[in-house]
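From a predicted model like this one, the values you see are computed outputs, not experimental measurements. Note that these values count all heavy atoms, side chains included, but never hydrogens, waters or copies made by symmetry. Order of the sequence lines sets the chain letters (A, B, ...), proteins ahead of strands, with each chain counted from 1.
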Number of protein chains: 2
Amino acid sequence: MKKWNRNNAIADFVRSRRKNSKLTQIELADITGVGIRFLRELEQGKPNLMTDKINQILLFFGHTLTPTPISDEARRNLGK
Amino acid sequence: MKKWNRNNAIADFVRSRRKNSKLTQIELADITGVGIRFLRELEQGKPNLMTDKINQILLFFGHTLTPTPISDEARRNLGK
DNA sequence: ATAAATTATACCCAATTAGGTATAATACTC
DNA sequence: GAGTATTATACCTAATTGGGTATAATTTAT
């Protein structure tokens, strides 16, 4: 199995937003309608996820999955 | 089955980049190592796709999948 | 308009996901 | 440090994906 990466853009984003909102994983999962296990695997950095489910969560934070230049992505990671 | 959306950010991005590069679907699929059927479904706007596969393709264009504010996304769509 | 190339749709299958739940580990709070 | 809440890991199953290929439809070029 491919190795997980807890610090990928999506995992980081959801984890930090969730904490800012003072929500537990279970609460966020319930609110967004995804399974608790899915949210956990996402935050853990599982490599292969369904875009639809991810967007279900991102939508709650007013975001969505889009292609981004890698340079931007790298830049974004410098500040952490 | 959920309805497809040919004009979502990802489908549009890949389709237009591919054409700019003067590649056929088969060629791009071969180059990026994904199945031809996957690339077709992506460009057709299938709602549920594996992030890993998508990134495999985006990488070729120097991009990657990240959470983006919906407002930005909407803005982006105005110019087309 | 005709021929060739590209793209779209349909069929099958093996492999993997998401789901729930139970249990272990970790992080907080007092 | 004890007790509680939260998060992480493991097991099992149904449903869906991605893959290839064949065929139909559409687009492009001559």
What heavy-atom pair brings [X] and [Y] nearest, and what distance separates the two atoms?
X: B:I36; Y: B:A29; value: CA-CB, 3.8 Å
X: B:H63; Y: B:R17; value: NE2-NH2, 3.4 Å
X: A:V34; Y: A:K53; value: CG1-O, 4.0 Å
X: A:R15; Y: A:E43; value: NH2-O, 3.0 Å

Taking the side chain of [X] as heavy atoms from C-beta outward, which of [options] is closest to it?
X: A:E41; options: C:dA18, D:dT7, D:dG18; answer: C:dA18
X: A:Q25; options: C:dT9, D:dA8, C:dG19; answer: D:dA8
X: B:R37; options: D:dG20, C:dA8, C:dG19; answer: D:dG20
X: B:R40; options: D:dG18, D:dT7, C:dA8; answer: C:dA8

What is the distance, rounded to the nearest whole Å, between atom [atom1] of [X] and atom [atom2] of [N]?
X: A:L39; N: C:dG20; atom1: CG; atom2: P; result: 12 Å
X: A:L49; N: C:dG19; atom1: CG; atom2: C1'; result: 14 Å
X: A:L42; N: D:dA8; atom1: CG; atom2: P; result: 11 Å
X: A:F38; N: D:dT16; atom1: CZ; atom2: P; result: 16 Å
X: B:Q44; N: D:dT17; atom1: CD; atom2: C1'; result: 17 Å
X: A:W4; N: D:dT7; atom1: CH2; atom2: C1'; result: 13 Å
X: B:D52; N: C:dT16; atom1: CG; atom2: P; result: 12 Å
X: B:I26; N: C:dA8; atom1: CD1; atom2: P; result: 12 Å

Practice task
Report yes if at least one side-chain N or O of A:K46 is closer than 4.0 Å to OP1 or OP2 of C:dA18; otherwise report no.
Solution key: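 Yes.
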Problem - Phosphate-side-chain proximity, A:K53 and C:dG19, N/O vs OP1/OP2 below 4.0 Å - result: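 Answer yes for this pair, as a side-chain N or O of A:K53 is under 4.0 Å from OP1 or OP2.
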Exercise for the section: Using a heavy-atom cut-off of under 4.0 Å over every strand shown, decide if B:I36 touches base, sugar-phosphate, or nothing. Expected result: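 Base contact - B:I36 has a heavy atom under 4.0 Å of at least one base atom.
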Exercise for the section: Describe the nucleic acid contact of B:R18 in one word from base, sugar-phosphate, nothing, applying a heavy-atom distance below 4.0 Å. Expected result: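 Contact class for B:R18: sugar-phosphate only.
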Problem - Same cluster (ILVMFWY, side-chain, under 4.5 Å), B:M50 and A:V14 - result: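 No, it is not one cluster - the side chains of B:M50 and A:V14 are not joined through contacts under 4.5 Å.
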